[in-house]
Amino acid sequence: QVRLVESGGGMVQPGDSLTVSCTTSGIDFSRLAMGWFRQRPGRDREFVGGATWTNTNKFYADSVKGRFTVSRDNAKNTVYLQMNNLKPEDTGVYYCAGDSRLSTIADGSPKFWGQGTQVTVSS
């Protein structure tokens, strides 16, 4: 059974930082590209950022570039999304996703999804 489990969501104030995590099981994590999506209220789910399994190639949506960082620790089967200078518009459910190639995650439906974790940015 392949599982992707997000954690670390919560409620923060604008300008705060928060890191969400996604731990995988049931699959060779080191061979998965991993990405993050979010679904903000009233919007479609959108790609946020991701990293290839080498952890050397990453790219981000323009909306978060410079504020969010994707990283992975293959020894822990975990990918992280560090979010800095959070804004109310960042509020949403954050999902991790995995597939064999990062391009297929960003451009289409990934093979594996997590259940999501809520991030709320509010005063």
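Quick note: residue numbers are just sequence positions, from 1. Model, not experiment: these values are computed from the prediction.
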Quiz item: Roughly how far apart are L102 CG and L32 CG, rounded to 0.5 Å?
Solution: 11.5 Å
Quiz item: Where is the tightest heavy-atom contact between M34 and F29, given as atom of each residue plus distance?
Solution: CG-CE1, 3.6 Å
Quiz prompt | CG-NZ distance between D99 and K111, expressed to the nearest 0.5 angstrom | solution = 5.5 Å
Self-check item: Close side-chain approach of R40 to T91, heavy-atom, < 4.5 Å
Solution: no
Quiz item: Is there side-chain contact between C22 and W36, with at least one heavy-atom pair below 4.5 Å?
Solution: yes
N/O donor to acceptor pairs below 3.5 angstrom from side-chain atoms of residues 116-123, sequence neighbours left out:
residue: T117; atom: OG1; partner: G9; partner atom: N; Å: 3.2
residue: Q118; atom: NE2; partner: T120; partner atom: OG1; Å: 3.2

Quiz item: For D28, does the CG atom sit with more than 12 other heavy atoms under 6.0 Å from it, leaving out its own atoms?
Solution: yes
Practice problem: Using the test ring-ring contact (aromatic ring centres under 6.0 Å, His included), find all partners of W113 that sit at least two apart in sequence or belong to another chain. | Solution: F37
Self-check item: Qualifying ring pair (Phe, Tyr, Trp, His ring centres under 6.0 Å) pairs with a residue from residues 57-91, counting only residues at least two apart or across chains
Solution: F47-F59
Quiz prompt | Backbone of V48 reached by a side-chain donor or acceptor of R38 within 3.5 Å | solution = no
Quiz item: Looking only at heavy atoms, which two atoms of V2 and G26 are closest? And how far apart?
Solution: CG2-O, 3.5 Å
Quiz item: Where the side chain of R72 meets the backbone of T52, is there a donor-acceptor pair that is under 3.5 Å apart?
Solution: yes
Quiz item: Going by the side chain to side chain donor-acceptor pair (under 3.5 Å) test, which pairs reach into residues 8-18, not counting sequence neighbours?
Solution: S17-N84
Quiz item: Which atoms form the tightest heavy-atom contact between P110 and G98, and what is the distance?
Solution: CB-O, 3.8 Å
Self-check item: Which residues share a salt bridge (Lys or Arg N to Asp or Glu O under 4.0 Å) with R67, sequence neighbours left out
Solution: D90
Self-check item: For Q39, all residues meeting side chain to side chain donor-acceptor pair (under 3.5 Å), sequence neighbours excluded
Solution: none
Self-check item: Separation of K76 NZ from S21 OG (nearest 0.5 Å)
Solution: 9.0 Å
Quiz item: Is V64 linked to V12 within one hydrophobic cluster, defined over Ile, Leu, Val, Met, Phe, Trp and Tyr using a side-chain heavy-atom separation of less than 4.5 Å?
Solution: yes
Quiz item: How many angstroms lie between atom CG of L81 and atom OH of Y94, to the nearest 0.5 angstrom?
Solution: 7.0 Å
Quiz item: Do L86 and Y95 sit in the same hydrophobic cluster, where Ile, Leu, Val, Met, Phe, Trp and Tyr count as joined when their side-chain heavy atoms come under 4.5 Å apart?
Solution: no
Quiz prompt | Under 3.5 Å: donor-acceptor pair, side chain of D73, backbone of T78 | solution = no
Quiz prompt | Path from I105 to F112 over hydrophobic side-chain contacts below 4.5 Å | solution = no
Quiz item: Side-chain contact, heavy-atom cut-off 4.5 Å: Q1 with S25?
Solution: no
Quiz item: Does E6 reach the main-chain N or O of V20 with its side chain, forming a donor-acceptor pair under 3.5 Å?
Solution: no
